[in-house]
J.: 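This structure is in structure tokens; I'll ask about it shortly.
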Amino acid sequence: MVRLHRKEHRDNPEYYTPIYKMALSQFDAAADKLALDPNLRKRFTDPKRAIMVNIPIRMDDTTVEVFHGYRVHHDTTLGPSKGGIRFHPDVSLGEVSALAMWMTWKCALMGLPFGGAKGGVRCDPHALSRNELQRLTRRYTAEIIPFIGPDVDVPAPDVGTNEQVMAWMMDTYSQLKGYSIPEIVTGKPISIGGSLGRVEATGRGVVYCILEAMRHLGMTPDGKTVVIQGFGNVGSHTAHTLSEKGCKIIAVSDVHSGLYNPNGLDITALQKHVQKHLYLKGFSEASEINNHDLLELPCDVLVPAALSEQITEENAERISCTILAEAANGPTTPTADQIVKDRGIFLIPDILANAGGVTVSYFEWVQGLQHFFWKEEEINERLRDIVTLAFGKVLQISLSEKVDMRMAAMMLSIRKIADAKLARGLFP
Ligand code: NAD
């Protein structure tokens, strides 16, 4: 019998897309540094399980369209798996698998009793009518039903999905089970058991990390300039909270365009504009800037809050910031990572910077399971404590081991899950 060796395994094109290779190279670097047991190493390399589904939908014009959907569980050592659902034209098995792996590290880093998962449908949600989107969401949920459950795997919003999509998922799951099960998803509306503070949580977590980084670097937020790529859930709430802290948001962008005002943008007005017009375009109190130039604007804090692979070997030499806060998942490629490190930019890695979302998702899941709801101040306070504590631990490892913050965060997470795997042993 021919044994499938690891190297050959990694040539398998299903998982090993460029983004998965990126996630894996981060893991490899940390595993090398930890001198991780090779048997454990193999177990982290591929997702635990993955499902691919075809989703037939009746379009408004009565034709039937078939979409591809995915749900991947990377690891479930610490508890049920947890991770968002992405609706985007670039969704693939490799992308979802990379995002699932990052969720594993993120949950462990925050001390949450979850493994990592991610899901998605390859579609352009903005090109679908509301009814088409609802049918797509419901059929996708029905197709992945053997894979999800409050004790099994708990989805949440990600790029292209929102509270409404979560409400349809919760309703579909509940209808098929025969009773209401709000704790099947997080990031759902408050009216059906969502948590106060969940919508803003990822942005708030990003801000708590930036404030800690500033404290470490001897900076104060007052008047510091910030550039944010992406003005969706994460980007807009990061902008809003940072401007409340006294920072000056000088540029933001979305998929179509960017806005620049060296005197600072009025974020509340901008949020209202986007609520009304969906996109940034047409906002008058700023000049236009493209996404490419935006990333290279001189600023104190640069926050990529859109998609992955935005800071690459092509532009890493030209980004001009003191702090790079990765609000998006995987915005910096490994080659760019090295350049950022060599240039002395203080990086807050994605698995730490954007972990506020899954932390309040955890609060939402706990509240749902207990049918007992907390006050918003309580939620925000607990969020701040957890994020600040994790930041402190990562910084401590970074300083004592003389490694960058990404390596420190990965080392902490992997060690935690590796210990748990060793304690549990290998079945059978
Ligand atoms: P979203 O769909 O609400 O917003 C995405 C934003 O990025 C939009 O403004 C969109 O126009 C913009 N965008 C898309 N493509 C772009 C491009 N090529 N250039 C510039 N802008 C572009 O999504 P979100 O929930 O805010 O997620 C943003 C990032 O944060 C993703 O990487 C996601 O995985 C990550 N994240 C989200 C959460 C969460 O709770 N929503 C939690 C953790 C991490």
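In this chain, residues are counted from 1 in sequence order. Every number for a ligand or one of its atoms is a count from 1 in the order of the listing.
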J.: Do you know which two heavy atoms are closest between A306 and G230, and how far apart they sit?
T.: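 Closest approach of A306 to G230: CB-CA, 4.1 Å.
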J.: If only side-chain N and O atoms count, and only distance matters, is there a donor-acceptor pair under 3.5 Å linking D60 with N131?
T.: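 On atom types as modelled, these side chains do not qualify, holding no pair under 3.5 Å.
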J.: Within the 3.5 Å criterion, strictly below it, is a donor on S195 or Q367 matched to an acceptor on the partner's side chain?
T.: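 Present: a donor and an acceptor within the cut-off.
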J.: Assess the side chains of R122 and Y70: does a donor N or O sit below 3.5 Å from an acceptor N or O?
T.: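 Per modelled atom types, R122 and Y70 side chains form a pair under 3.5 Å.
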J.: Does CZ belonging to R215 count more than 12 external heavy atoms closer than 6.0 Å?
T.: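 No, the 6.0 Å shell around CZ holds no more than 12 heavy atoms from other groups.
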J.: If only side-chain N and O atoms count, and only distance matters, is there a donor-acceptor pair under 3.5 Å linking T77 with D75?
T.: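 Side chains of D75 and T77: pair found under 3.5 Å.
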J.: Using a 4.0 angstrom limit on heavy atoms, which residues are close to ligand 1?
T.: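 Under the 4.0 Å cut-off, ligand 1 touches R86, D158, V159, G160, R198, T202, Q229, G230, F231, G232, N233, V234, D254, V255, N291, A305, A306, L307, A327, A328, N329, N354.
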